[in-house]
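Down below is the structure, laid out as structure tokens.
If you're wondering where the values come from, they're calculated on a predicted model, not measured in any experiment. Proteins come first, then strands; the chains are lettered A, B, ... in the order of their sequence lines, and each starts at number 1.
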Amino acid sequence: MTSASAAPARPGWIGRNAARVEDDVLLRGGARFLDDIVLPDALEATFVRSPIAHGLIRSMNLDAARALPGVHAVLAFTDLRAVLTQDDIPLALPAGGLRFDVNPTCLVIHEACYVGEPVAMVIASSRRIAEDAAALVELDLEPLPAVVDPVEGLEPGAPKARLSCPDNLVAKTKVDYGDVEGAFAGAAQVVARAFRLNKGGGHPMEPRGVVARYDEIADQLTVWNSTQMPHRAKAMLVETLGLAEHQVRVTTPDVGGGFGTKAVFHPEELAVPAAAMLLKRPIKWVEDRFESFTASIGEREQVWTVEAAFDADGRIRGIRGTLRYDHGAATPYGIALPFNAATNLIGPYALPAYRMDIDLCMTNKTPAAPTRGAGRPQGTFVMERLMDAMAQRIGLPRDEIRRRNMIQPGQMPFTIPVKQRDGSMMVYDSGDYPECQRRALEIAGWDDFPARQKQAREQGRYIGLGLTNYVEATGRGPFESVSISIGPSGRIVVSSGATAQGQGVKTMLAQVVADVLGVAPESIHVVVGDTSATPAGLGAYASRQAVTAGNAAYRAATLVAEKAKTAAAELLEASVDDLVVNDGRVEVNGVPGHGKSLTQIARALAGTPGFALPGNLPPGLSASNDFMTSGLSYTNGCHLAEVEVDPDTGGVKILRYVVVHDCGRMINPMMVEGQILGGVVHGVGMTLFEWMRYDADGQPLTVTFADYLLPTSDVVPRIEIHHLESPTPLNPLGVKGAAESGTIGAPATIVSAIEDALRPLDVRITQVPVTPPQLRALIRQAQVAESAP
Amino acid sequence: MFDPRPLNVTVNGATVQRTVDSRVHLADFLRKELGLTGTHIGCEHGVCGACTVLVNGASVRACLMLAVQAEGCAVQTIESVAAPGGALHPIQSALARHHGLQCGYCTPGVVMTLLELQRESAGRAVSEHEVRAALSGNLCRCTGYQGMVDAALEVLNAPAAQS
Amino acid sequence: MKAPAFRYHAPTDVAQAVSLLASLENARVLAGGQSLMPMMNLRVAGPDHLIDLGRIPELAGVAQVPEGLLVGAMTTQRALETSAVVARLCPLLSEAVSNVGHQQTRNRGTIGGSLCHLDPGAELPVAAAALDAVMIARGPQGERRIAFADFPADYLTSTLEPGEILTHVLLPVASARAGSAFLEFNRRPADYAIVSVAAHVTLDEAGRVAGASIAVGGVSHAPVRLADAEAGLVGALADAAACAQAGRLAATLACDGDDLYPADYKQDLCETLVRRALGAAFKRAGAGHV
Ligand code: FES
Ligand code: FES
């Protein structure tokens with residue numbers, strides 16, 4: 001499947017399909033996920049949640065719940081307030097751009113703003129008793145009108161999603177460069193389209209969860225949190241609970257998937273530790289699936305109206321339009337998601353002029369925050385659908401119009417005059433976009449397809465081939481940290497602020513360190529996601545950890561190797577330049593056996609009372625590095641999908657899926673492919689299955705896995721993955737991120753294929769997910785139009 | 001209300017006698033009473049398959065079965081598939097080789113499903129279609145299923161498996 | 001979420017079960033648990049008493065009797081799916097049951113549980129409707145036989161009397177020159193059907209339709225038999241035109257729709273699935289014209 005074979009490109013571990021160090025314990029069922037943590041004396045919590053999308057608490061009677069045997073406490077906000085320094089959770093990203101910030105509280109104080117928002121907390125000897133008690137809480141809410149649709153919510157006279165906000169327009173922003181008016185004024189052609197992309201979520205198979213224990217004697221709070229960002233969780237707890245850094249430890253157990261859902265700090269992540277401090281008892285809360293559908297963040301709902309101006313030969317002159325975005329009931333991520341969407345639209349194409357007006361609407365739905373792809377699948381979707389529309393308008397093949405507009409490898413680095421979150425311009429660092437598309441077309445049999453398609457149509461079968469190119473900004477900074485230490489035991493311990501939710505982060509870090517130190521990855525012990533092991537860190541978001549932590553590990557390991565060599569030079573009375581690190585030993589080049597093991601060197605550097613350290617080096621065979629990024633590295637790819645549409649049912653079957661992917665140099669191709677596979681399938685879900693639906697009152701309609709459809713093994717195609725490797729100049733390893741790019745390309749690709757399959761009917765898809773009834777309705781309309789005189 | 005019921009069940013070959021609250025489902029019983037936390041809970045409404053165990057050899061959703069319904073049954077969980085510290089079962093090692101797991105949360109359920117398929121398909125070749133149908137009751141958000149499918153095809157269609 | 005509390009009862013014969021069910025307040029029968037358990041775990045069902053039929057041996061198993069195929073209500077869907085007797089004598093049931101859920105749910109789920117739960121998207125009620133299954137129930141007043149057509153009462157509700165338990169299902173044995181097919185449309189193969197169709201036909205020696213029954217599920221609270229189409233088929237040549245004609249009639253069925261699956265979409269599915277299912281049934285019955 002991979003063009004990068006298992007054989008190493010050079011001796012060493014980087015670039016090899018090393019076996020994952022994570023797998024053995026997971027396969028045996030011996031891993032420890034959050035719900036597997038059992039503390040003596042622990043209680044279990046559940047939450048009473050708002051049953052309506054918008055309302056004011058008139059009264060809440062907790063007596064019956066409190067009286068149930070086995071119930072330890074039933075807490076409202078006022079109870080928890082006793083241990084809090086402030087009412088709200090200060091989530092707001094500093095680079096706001098918002099007209100107003102809306103931070104959540106750990107429990108509703110007065111106004112409930114979405115179904116599922118936690119209102120009260122029940123703590124009992126077991127979860128089932130806590131739930132029995134929760135059912136006895138008498139919550140009386142005065143219903144208020146709910147804002148459900150982000151377009152309607154921005155209309156004059158719309159009800160307010162939050163009474164305290166002036167209106168629902170959270171932010172008005174734009175991406176704007178070049179002479180857009182001029183581009184349209186002089187254009188030979190203009191196509192206009194409107195799209196709606198609906199809400200979906202991350203849905204890790206392990207829901208969220210928190211265990212908190214407050215140790216009164218040590219005055220220490222320990223929190224096990226199934227999170228992607230323990231350091232940020234710690235910062236929130238320090239601030240809201242009024243503790244000092246040394247008093248709080250947040251650590252992640254094994255985490256069963258994240259996909260963005262576990263990145264943002266949710267109200268329960270404060271409520272549980274606060275309750276543990278208040279009650280001085282360990283408390284566990286494990287989100288159940290029903291809760292995760294209502295209380296965990298999601299995103300993706302965007303409504304676009306766009307126009308593209310282009311020349312007669314298909315060269316694009318400019319794009320303009322509006323993007324309205326559903327922000328949900330709080331603003332944990334500022335304007336990041338629609339901004340990602342609008343900027344990722346540009347993709348691998350030279351777009352001379354661009355203006356997108358972005359309106360963010362507050363609604364009475366669960367707050368929106370990044371979910372695998374983080375707005376980018378939508379932007380790519382819009383651009384690629386425009387490309388197809390342009391091609392169709394002037395009768396150019398879909399591949400050719402893209403080729404004519406692509407940024408050429410010789411233009412790298414390519415600057416786009418759009419300012420990023422960190423104030424820098426958007427710069428594509430490396431990549432060969434035309435070659436990426438060329439290879440994908442060749443593999444998928446693009447040139448032969450029209451003949452196959454014609455043949456199929458003669459048999460009454462509607463097959464189509466879809467094409468998409470995209471880029472993804474990966475490796476977001478500002479930094480990630482790694483420390484490596486080898487103690488007298490000789491054991492190599494790597495600790496990092498990176499966090500693991502299944503990506504294989506431990507294997508990735510072990511491989512990098514193993515490569516430098518010449519040892520086997522499985523001999524390295526990696527600690528991630530623990531604030532007590534690594535004081536500073538950021539964690540998992542924006543496909544960043546191979547870039548940031550990977551390079552930090554590389555640099556730290558290089559420092560360790562250098563120190564080992566310096567010490568060994570002293571011990572061996574040799575010149576540093578003659579020494580090499582190999583197989584866990586520092587040896588004199590060309591004199592096998594003449595050297596010192598890293599263990600021996602570590603022992604020497606541990607110090608002996610009264611004796612000098614070798615070479616008067618600082619003690620300890622250890623080193624740390626905080627890798628600071630100097631810009632985003634852009635991964636790119638080309639996807640092709642072949643689908644068959646059943647025109648009678650509107651059913652879509654994906655017959656084949658091809659990915660050519662370029663994330664620079666790969667540390668472990670097998671794991672990169674794992675990320676792409678999972679990402680593409682998430683994108684398949686977004687395109688054909690997953691839709692978090694609400695009724696007109698803001699009641700969620702899809703709160704089980706029977707109603708919210710995840711792709712299953714019998715509906716996803718085999719995905720063929722091939723690689724280009726254009727190393728980025730931005731980091732020593734030359735690596736870029738890979739975790740989200742599969743999702744970014746999939747929706748546009750599949751929809752392109754569906755439209756291609758139905759070309760004789762000229763069906764135009766404006767919404768994802770594409771459901772069979774919607775598709776059938778479009779087909780029927782087209783059939784009626786065709787049969788009309 | 002507590003409705004205590006005696007329960008006699010064989011779990012991973014060992015006889016277990018307990019008194020359980022009748023409303024406790026088998027997954028919670030295994031996890032909380034017996035400490036067998038390899039059986040995971042992903043939905044508790046019978047769709048995700050994370051809780052899959054074998055009861056008298058047949059795969060079941062342990063969240064959709066009361067512990068008391070297992071009276072007299074033989075239950076097999078992931079913890080029994082490879083001896084502690086011993087070699088992995090061929091299905092387990094193939095999953096690792098084919099990258100059929102990432103976060104590993106769905107993995108125990110997947111292994112139990114594949115064990116049943118292996119037993120039922122002994123002596124014949126299985127198709128990719130059949131493997132995908134069998135695995136369709138196990139949701140996985142990480143892998144896109146491909147590595148699991150390849151692992152199953154490799155092990156179930158190995159020459160020795162068919163003889 | 002965890003199920004609310006209840007008292008658990010595990011009778012070992014039908015008489016005990018019937019008397020428990022008749023005497024206890026707010027009691028429910030637990031068959032395979034594949035529908036009731038999720039409802040309890042979501043706290044949308046909260047019986048005070050749960051009567052588990054899983055310990056009653058006489059309720060499980062398949063037997064050929066003079067009247068047809070007698071299937072115990074607690075026979076698991078997986079047992080039906082793998083039964084050679086069922087495949088031979090009642091292939092429509094075999095085909096329908098293989099479409100039910102996943103193997104993990106078929107291993108526990110029972111025929112009786114599915115027929116009594118009557119989910120509009122469920123497969124087995126549609127097969128039972130097409131086959132004119134006879135439901136055999138036992139209650140405080142003794143045994144009663146109910147034609148499947150009279151079995152559904154309302155959404156998720158049967159006409160079983162309080163205290164009655166479904167014990168067996170009697171199915172006709174397929175004759176020579178009979179053919180059947182079960183087809184459904186859903187988003188993912190193991191999901192409940194949006195619309196499902198069970199068709200059963202018998203041909204005469206000339207290749208004309210001697211009898212046809214067509215049931216459609218997913219369009220109403222209970223499966224619907226296409227009486228007009230069935231009547232129109234009798235005597236017709238078993239060919240594509242007959243399938244198309246039946247499909248056109250199916251498209252006029254009154255369907256319950258919602259925002260996601262509107263009624264007119266379901267009518268389209270009725271047309272397509274009836275046409276296709278009938279075609280497959282004709283072919284299996286040996287018709288040469290489809
Ligand atoms: S937890 Fe049992 S099927 Fe999901
Ligand atoms: S490996 Fe994470 S859910 Fe399957």
Side-chain angles (χ1 to χ4, degrees), chain A residues 1 17 19-20 22-33 35-36 38 126-128 132 202-207 254-259 286 288-290 500-504 670-671 673-682 684 704-706 710-716 718-719 742, chain B residues 1 21 23-24 28 31-32 35-48 50 77-82 84 88-89 91-93 95-99 101-108 111 128-129 131-150:
Chain A
M1 175 166 75
N17 290 335
R20 299 202 328 156
E22 293 88 350
D23 285 352
D24 189 80
V25 69
L26 294 168
L27 285 161
R28 292 173 192 270
R32 184 168 287 132
F33 292 94
D35 194 24
D36 306 338
V38 179
S126 72
R127 174 71 181 233
R128 57 186 184 277
D132 292 347
H203 303 293
M205 293 318 299
E206 181 204 28
D254 289 314
V255 176
F259 316 112
V286 177
D288 68 32
R289 189 56 65 179
F290 181 71
Q501 302 84 42
Q503 310 91 322
M670 174 186 85
M671 297 200 311
E673 289 178 1
Q675 291 304 301
I676 298 168
L677 287 168
V680 168
V681 169
H682 203 146
V684 168
T704 70
F705 277 145
L710 291 186
T712 45
S713 55
D714 51 356
V715 295
V716 303
R718 180 162 285 278
I719 296 159
Chain B
M1 186 179 75
D21 193 353
R23 66 163 145 164
V24 171
D28 267 352
R31 292 177 48 77
K32 303 207 167 177
L36 296 171
T37 54
T39 299
H40 296 150
I41 292 177
C43 70
E44 254 175 340
H45 48 249
V47 187
C48 76
T77 71
I78 186 68
E79 285 87 350
S80 72
V81 177
L88 292 173
H89 185 280
I91 287 175
Q92 292 172 311
S93 40
L95 282 168
R97 254 192 330 277
H98 289 276
H99 199 21
L101 70 156
Q102 289 184 26
C103 78
Y105 199 74
C106 69
T107 307
V111 171
E128 175 163 350
H129 179 80
V131 170
R132 285 187 179 269
L135 284 171
S136 70
N138 294 85
L139 293 178
C140 174
R141 191 51 144 175
C142 299
T143 63
Y145 305 104
Q146 197 153 305
M148 298 174 194
V149 171
D150 289 341

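Ranked by heavy-atom pairs shorter than 4.5 Å toward chain A, the options V47(B), L95(B), T77(B), I41(B) are led by V47(B). Top candidate by heavy-atom pairs under 4.5 Å with chain A, chosen from V111(B), L36(B), L101(B), V131(B), is L101(B). Ranking C142(B), G35(B), S80(B), G38(B) against chain A, the residue ahead of the rest is C142(B), based on heavy-atom pairs under 4.5 Å. Between chain A and the options T107(B), L88(B), V81(B), the largest number of non-hydrogen pairs under 4.5 Å is found for L88(B). Put simply, of D254(A), T704(A), V286(A), D288(A), the one with the most heavy-atom pairs under 4.5 Å next to chain B is T704(A). Ranking E44(B), R132(B), Q92(B) against chain A, the residue ahead of the rest is R132(B), based on heavy-atom pairs under 4.5 Å. Taking H129(B), R97(B), M148(B), E128(B) one by one and counting their heavy-atom pairs under 4.5 Å with chain A, the maximum is reached by E128(B).
Atom OG of residue S713(A) and atom CD of residue Q146(B) lie 11.5 Å apart, to the nearest 0.5 angstrom. Annotation: the span from M205(A) atom CE to L139(B) atom CG amounts to 4.5 Å, rounded to 0.5 Å.
Heavy atoms of other residues, nucleotides or ligands lying less than 6.0 angstrom from CZ of F705(A) number more than 12.
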**Prompt:** Going through the checks in order, is the salt bridge (charged side-chain N to carboxylate O under 4.0 Å, His left out) test met by R718(A) and D150(B)?
**Reply:** CA-CA 10 Å; R718(A) 180 162 285 278; D150(B) 289 341; 2.6 Å; yes
**Message:** Could you go through D28(B) and R127(A), starting from their C-alpha distance and side-chain angles, then the distance that decides it, and tell me whether this counts as salt bridge (charged side-chain N to carboxylate O under 4.0 Å, His left out)?
**Reply:** CA-CA 11 Å; D28(B) 267 352; R127(A) 174 71 181 233; over 6 Å; no
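Heavy atoms of A19(A) lying under 4.5 Å from chain B are absent altogether. With a 4.5 Å cut-off on non-hydrogen atoms, A50(B) does not touch chain A at all. For R128(A), the parts lying near chain B are the backbone and the side chain together; criterion is any non-hydrogen pair under 4.5 Å. Proximity to chain B is limited to the backbone of V255(A), based on heavy atoms less than 4.5 angstrom apart. For Y145(B), the part lying near chain A is the side chain, with the backbone staying farther off; criterion is any non-hydrogen pair under 4.5 Å. Interface remark: E206(A) contributes backbone and side-chain atoms alike to the contact with chain B (heavy atom separation under 4.5 Å). Using a 4.5 Å cut-off between heavy atoms, D132(A) contacts chain B through its side chain alone, with no backbone atom that close. In this structure, chain B has a heavy atom under 4.5 Å from the side chain of F33(A), while its backbone stays farther away.
Annotation: side chain of L677(A) is not in contact with side chain of T143(B) (no heavy-atom distance under 4.5 Å).
The minimum heavy-atom distance linking G29(A) with E79(B) is given by the pair O-OE2, 3.9 Å. Closest approach of P207(A) and G42(B) over heavy atoms only: CG-O, 4.5 Å.
Judged by distance alone, the side chains of Q675(A) and Q102(B) do bring a donor and an acceptor atom under 3.5 Å apart. Under the 3.5 Å distance criterion, with hydrogens and angles disregarded, a donor-acceptor pair is assigned to the side chains of R141(B) and H682(A).
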